[in-house]
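Hydrogens, waters and symmetry mates are skipped; everything else that's a heavy atom, side chains included, is used.
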Amino acid sequence: MTGTETALVSAGWLHRRLDSTIVLDASVERSVDDNGQTVFAPGGEVFRTAHIPGARFADLFAVFSDPAAAVPFTRPTVAQMASAAQQLGITPSDEIVVYDQLSGAYAARVWLVLRSFGFDRARVLDGGFAQWVDQGYPVADGDASGETTEPRIDVHLRDLTGRAFADLDEVRAVAVDEQSSTTLVCALRTPDYTGESGGARPGHIPGSVSVPYPDLLNDDGTFSTDRTRKALRASGIDAGSEVILYCGGGINAAGAALAFAEAGYPLPRVYDGSMSEWRAHPELPLVTGPHPR
């Protein structure tokens, strides 16, 4: 995405085109368990409580991920994505807008998955559901309406996975090669990057720099090109840098990838397994503390 291209739409834009646009709600449910840990779950009830009229629920746990994979949020297979597209009644030629009811990263993850299978017209609602509500647009509740129960047509997908995602072998190779031209970027919050937040095997992948996804947003939750460019300059990342982003499970990294592209940088790839996969391999090193400047 370069020049005047954008993957973002405003709430006003979507409201004007709501009748001709397929809207996907990628919301998840967030709660706190008895140990004070934040827990995420499928957002079906969040969707039923309130959503943009006509929206269809995009289940990031069971539909836009591979539920049989070893780590959460692993991208779906081609067959799984084709099945999901048929169930939702979407094709690569459709105008699609994705949103969520949290930080926008969940919508960005669904957007990136769609993009990796040739849904070139998919975009993200800037500021998500909060912007829609703040501007006084109507809200619906209950189950989705207008969703097709039978596929409209056969869905033929292009598998562009390698252009959007990187795997463990590639990230490991970059991490151990001090001369690599690829920059690993951690989109987690700073305490998670440095290891101060604790937990099992804290820290970051060796050689990676810290660009927290929340730092790339305006105070109202919309994407900020100014803040993104400032953060990238501070990390020594320029428009010619090849970047692989990661986070805990490939969610915030997808949000950061969208922010990078909106700021005029080439769309980075996302390490699909991210820290969920990296930490599952005890032989893979982790580094604590800030990145040396």
Would you indicate whether the side-chain heavy atoms of [Y] and [X] approach each other to under 4.5 Å?
X      : Y      : value
Phe129 : Val139 : yes
Phe117 : Pro92  : no
Glu170 : Ile244 : yes
Leu114 : Leu24  : yes

[X]: which residues meet the salt bridge (Lys or Arg N to Asp or Glu O under 4.0 Å) condition with it, sequence neighbours left out?
X      : result
Glu196 : none
Asp159 : none
Asp238 : none

Can you give me the closest heavy-atom contact between [X] and [Y], atom names plus distance?
X      : Y      : answer
Ala254 : Ala105 : CB-O, 4.4 Å
Arg229 : Tyr265 : CG-CE1, 4.2 Å
Gly273 : Val71  : CA-CG2, 4.3 Å

Is it true that [X] and [Y] make a salt bridge, defined as a side-chain N closer than 4.0 Å to a carboxylate O?
X      : Y      : answer
Arg172 : Asp177 : no
Asp219 : Arg227 : yes
Asp192 : Arg189 : no

Check this for me: [X], atom [atom1], are more than 12 non-hydrogen atoms of other residues, nucleotides or ligands nearer than 6.0 Å?
X      : atom1 : answer
Arg30  : CZ    : no
Arg163 : CZ    : no
Gln179 : CD    : no

Handout entry: Short side-chain to backbone donor-acceptor contact, Thr49 and Glu45, under 3.5 Å
Key =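 Side chain of Thr49 to backbone of Glu45: a pair is present.
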Problem - Asp59 side chain to Val63 backbone, donor-acceptor under 3.5 Å - result: no
Handout entry: Phe40 ring center near Phe61 ring center (under 6.0 Å)
Key =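 Between Phe61 and Phe40, which both carry aromatic rings, the centre distance is not below 6.0 Å.
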Can you tell me how far the [atom1] atom of [X] sits from the [atom2] atom of [Y], to the nearest 0.5 Å?
X      : Y      : atom1 : atom2 : result
Thr228 : Asn218 : OG1   : CG    : 8.5 Å
Ser210 : His204 : OG    : NE2   : 8.5 Å
Ser27  : Arg48  : OG    : CZ    : 12.0 Å
Glu242 : Ser181 : CD    : OG    : 5.5 Å
Leu157 : Met81  : CG    : CE    : 6.5 Å

Exercise for the section: Please work out whether the ring planes of Tyr137 and His15 are parallel, tilted or perpendicular, with thresholds of 30° and 60°. Expected result: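 Aromatic pair Tyr137/His15 classed parallel.
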Practice task
Apply side-chain hydrogen bond (donor to acceptor under 3.5 Å, both in side chains) to Asp66 and Gln80, showing your working.
Solution key: CA-CA 7 Å; Asp66 180 356; Gln80 288 168 339; 3.0 Å; yes
